[in-house]
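This report concerns only the one structure given below.
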Amino acid sequence: MNFDILILGGGLVGASLLCALKDQNFTIALVDKTAMPFDDPEINLDSRALALSLTSVECLKTIKVWPKVLDNAFAISKIHVSMKGRFGNNILDAKAYSLPSFGFVVNANSLNTAINQTVEDTGKINVFRGQEIFSLKKEDKLWQIQLSSKKTITAKLIVAADGSDSYLRQHQGVGAKISDYKQAAIVVNVRLEQPHKGIAFERFTIDGSLAMLPFGINQVKCVWIVPAEKLEALKSLSENAFLNAIQDCFGYRLGNLVQLGRRIIYPLRTVYSEAIYGDRWVLVGNAANTLYPVAAQGFNLGLRDVAFLAEELILARKNQQDIGSVEFLRHYASFRVSDHQQICQGTDHLLGSNTLFQWLGILACQWIPPLKHGVVKWGLGMQDRLPKLCRGIEL
């Protein structure tokens, strides 16, 4: 079977690229090692949350995914940033920037379901689920790919959306800067005694941070980043004791915290690829950059990868360019390098600053309007030109 594009990885980013290209007359195959990533009638509401910027929401609207997830999406009208043990805070209000909101918080499983159902609804895509690449060889202008099922396919271009430990990145011998911060994120739903009013909270601590994201009328998704040496002690706490620990770290801006969901733990690391393209391959999403979760930029950055790549692929076909050529992929990468650098450096700066500089930064953003405006643009991914899909323009 012969294809123009093979997408490796059928998670949020890879499946979003399929949605963006489904009506563009490319022949596309998707290979995903997960057999059924979305066919779960009972979505686990205790799973990972994603904070989507307003520009990401525009993209999901334009590729017809957003209506499927809207009922389980919760708007962020304000962002409140503070530091435990220090006075002062920084409050960002969407209305001050003439925005309906800064974005929405969604359940990652719900979004994955919506994106993959949109893919399946097209009936035009060859999806190979529960399979991996058994062998991969490039011959002239085509990849020869044998799957674990022994099926053989060819593709002019491989788009790797296969995560932090990307098979394709390793196959091509591309190095990556990997930082293990010896921290973990504890993710848990927390029920409140009073409404959150659409306010998302980011509270820095001496050794991590704690985010409270709107996730229901009287509920938030708590993401508590802690050092590895404290993890075992926190895991062993009873529900009541753990709730008290969150309350002590966060304070009473949301009143009393009254109930916990199931605690889920994710180890944290960053992975920055040394190259994002080569002859007939390109990396997107976590395969290119796996970010530290502070400021929740990971999926938003990956979705802009998808939006730009889809736009450039369509233009290349119109101009009769070879979509797998180094020249074309270099052109695509030129649109992404600044965005990648600014987002990666920004999250690293938030992580790497000592607590004094973090606190001074919070105060400076509150009292220096141009700096505050710059932070908002950075968070929305608007520091550079936005792709069409993120501006609500169909391809």
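The CD atom of Q247 sits 9.0 Å away from the CG atom of L254 when rounded to the nearest 0.5 Å. Here the straight-line distance linking atom NZ of K197 with atom CD1 of I217 works out to 13.5 Å at 0.5 Å rounding. Here the straight-line distance linking atom CG of L60 with atom OG of S16 works out to 6.0 Å at 0.5 Å rounding. Taken to the nearest 0.5 Å, the CZ atom of F128 stands 8.5 Å off from the CG atom of L6. Rounded to the nearest 0.5 Å, atoms CD1 (I153) and CD1 (I133) are 7.5 Å apart. Separating the OG atom in S334 from the OH atom in Y277 is a distance of 9.0 Å, to the nearest 0.5 Å.
Side chain of D162 to main chain of Y167: a donor-acceptor pair is present (N/O by atom type, distance under 3.5 Å, no hydrogens or angles). When atom types are taken as modelled, the side chain of N126 and the backbone of A29 share no donor-acceptor pair closer than 3.5 angstrom. Distance alone, capped at 3.5 Å, is enough to place a donor-acceptor pair between the T62 side chain and the E58 backbone. No donor-acceptor distance shorter than 3.5 angstrom exists from the side chain of E232 to the backbone of S236, with no hydrogens or angles considered. Panel note: side chain T113, backbone N109; a donor-acceptor pair is recorded below 3.5 Å. Side-chain N or O atoms of E193 include one that pairs as donor or acceptor with a backbone N or O of N256 at under 3.5 Å. Between the side chain of W143 and the backbone N or O of R280, at least one donor-acceptor pair lies under 3.5 Å. A distance-only check finds a donor-acceptor pair linking the side chain of T27 to the backbone of D4 [under 3.5 Å]. Within the 3.5 Å criterion, the main-chain N or O of L50 finds no donor-acceptor partner in the side chain of N107. Side-chain atoms of R203 never come within 3.5 Å of backbone atoms of S209 as a donor-acceptor pair (strictly under, hydrogens ignored).
With contacts defined as side-chain heavy-atom distances shorter than 4.5 Å, the pair R304/R336 qualifies. Taking the side chain as every heavy atom from C-beta outward, K235 and L231 approach each other to under 4.5 Å. Between V188 and W224, the closest side-chain pair of non-hydrogen atoms is not below 4.5 Å. Side-chain contact between V159 and L17 is present, with at least one heavy-atom pair separated by less than 4.5 Å. A heavy-atom distance below 4.5 Å is found between the side chains of L309 and V284. At a threshold of 4.5 Å between non-hydrogen side-chain atoms, the residues V105 and I76 count as touching. Contact of the L389 side chain with the L303 side chain is not registered, since no non-hydrogen atoms from C-beta on lie closer than 4.5 Å. Y272 places a side-chain heavy atom less than 4.5 Å from the side chain of C344.
Looking at every heavy atom in both residues, Q146 comes nearest to T152 through CG-OG1, 4.2 Å. Here the shortest heavy-atom pairing between Q183 and P227 reads CG-CA, 4.0 Å. Here the closest heavy-atom approach between residue A275 and residue V174 is recorded as N-CG1, 3.7 Å. For I323 against F328, the heavy-atom pair with the smallest separation is O-CD2, 3.0 Å. Here the closest non-hydrogen pair linking L395 and A310 is CD1-CB, 3.7 Å. The two atoms that bring I276 and A288 nearest to each other are CG2-CB, 3.9 Å, heavy atoms only.
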**Worked check of side chain to side chain contact (heavy atoms under 4.5 Å, CB included) between L142 and D140** = CA-CA 6 Å; L142 284 176; D140 193 21; over 6 Å; no
**Item:** Evaluation steps, salt bridge (charged side-chain N to carboxylate O under 4.0 Å, His left out), between R169 and E274
**Value:** CA-CA 10 Å; R169 188 183 69 228; E274 293 176 357; over 6 Å; no
**Prompt:** Passes side chain to side chain contact (heavy atoms under 4.5 Å, CB included), I115 versus L12? Steps please.
**Reply:** CA-CA 7 Å; I115 293 172; L12 292 166; 3.9 Å; yes
**Request:** For the pair Q131 and S148, evaluate side chain to side chain donor-acceptor pair (under 3.5 Å) and give the outcome as yes or no after the intermediate values.
**Result:** CA-CA 6 Å; Q131 298 191 44; S148 52; 4.5 Å; no
**Prompt:** Could you go step by step and tell me if S338 and Q342 meet the side chain to side chain donor-acceptor pair (under 3.5 Å) rule?
**Reply:** CA-CA 6 Å; S338 176; Q342 290 186 64; 2.9 Å; yes
**Asked** Checking side chain to side chain contact (heavy atoms under 4.5 Å, CB included) for the pair Q219/V190: CA distance, chi angles, key distance, verdict?
**Response** CA-CA 6 Å; Q219 182 171 280; V190 179; over 6 Å; no
**Request:** Under the side chain to side chain donor-acceptor pair (under 3.5 Å) rule, what do N112 and N116 come out as? Steps first, then yes or no, please.
**Result:** CA-CA 6 Å; N112 197 34; N116 277 282; 2.9 Å; yes
**Message:** Working note: Y181 + T270, criterion side chain to side chain contact (heavy atoms under 4.5 Å, CB included); need CA distance, chi angles, decisive distance, verdict.
**Reply:** CA-CA 8 Å; Y181 292 99; T270 58; 3.6 Å; yes
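Between Y97 and F102, the ring planes lie tilted relative to each other; the angle falls in the 30° to 60° range. Using cut-offs of 30° and 60° for the angle between ring planes, the F335 and H331 rings count as perpendicular.
K388 pairs by the salt bridge (charged side-chain N to carboxylate O under 4.0 Å, His left out) definition with nothing, not counting sequence neighbours. With sequence neighbours excluded, no residue forms a side-chain hydrogen bond (donor to acceptor under 3.5 Å, both in side chains) with D248. Looking at residues two or more places apart in sequence or on another chain, you find no side-chain hydrogen bond (donor to acceptor under 3.5 Å, both in side chains) involving Q172.
Side-chain atoms of H196 and N218 include no donor-acceptor pair closer than 3.5 Å. Looking at S110 and N72, their side chains never bring a donor and an acceptor atom within 3.5 Å of each other. For the 3.5 Å distance criterion, the side chains of S325 and Q321 fail to qualify, holding no donor opposite an acceptor. Looking at T118 and K68, their side chains do bring a donor and an acceptor atom within 3.5 Å of each other.
A salt bridge links D165 to R269: one of the charged nitrogens lies within less than 4.0 Å of a carboxylate oxygen. A salt bridge is defined here as a Lys NZ or Arg NE, NH1 or NH2 lying under 4.0 Å from an Asp or Glu carboxylate O, and K156 with D322 fails to meet this definition. The pair R385-E311 counts as a salt bridge, with a side-chain nitrogen and a carboxylate oxygen less than 4.0 angstrom apart.
Checked against the 6.0 Å centroid criterion, the rings of F74 and F104 do not qualify as a close aromatic pair.
Relative to the ring axis of F242, R263 places its NZ or CZ within 45° and under 6.0 Å from the centre.
The cluster map of Ile, Leu, Val, Met, Phe, Trp and Tyr, joined by side-chain heavy atoms under 4.5 Å apart, puts I186 and F201 in the same cluster.
In the displayed structure, K230 atom NZ is contacted under 6.0 Å by at most 12 heavy atoms of other residues, nucleotides or ligands.
Remark: of the listed residues L168, L283, V282, L168 is the sole one forming a side-chain contact (heavy atoms from CB on, under 4.5 Å) with I158.
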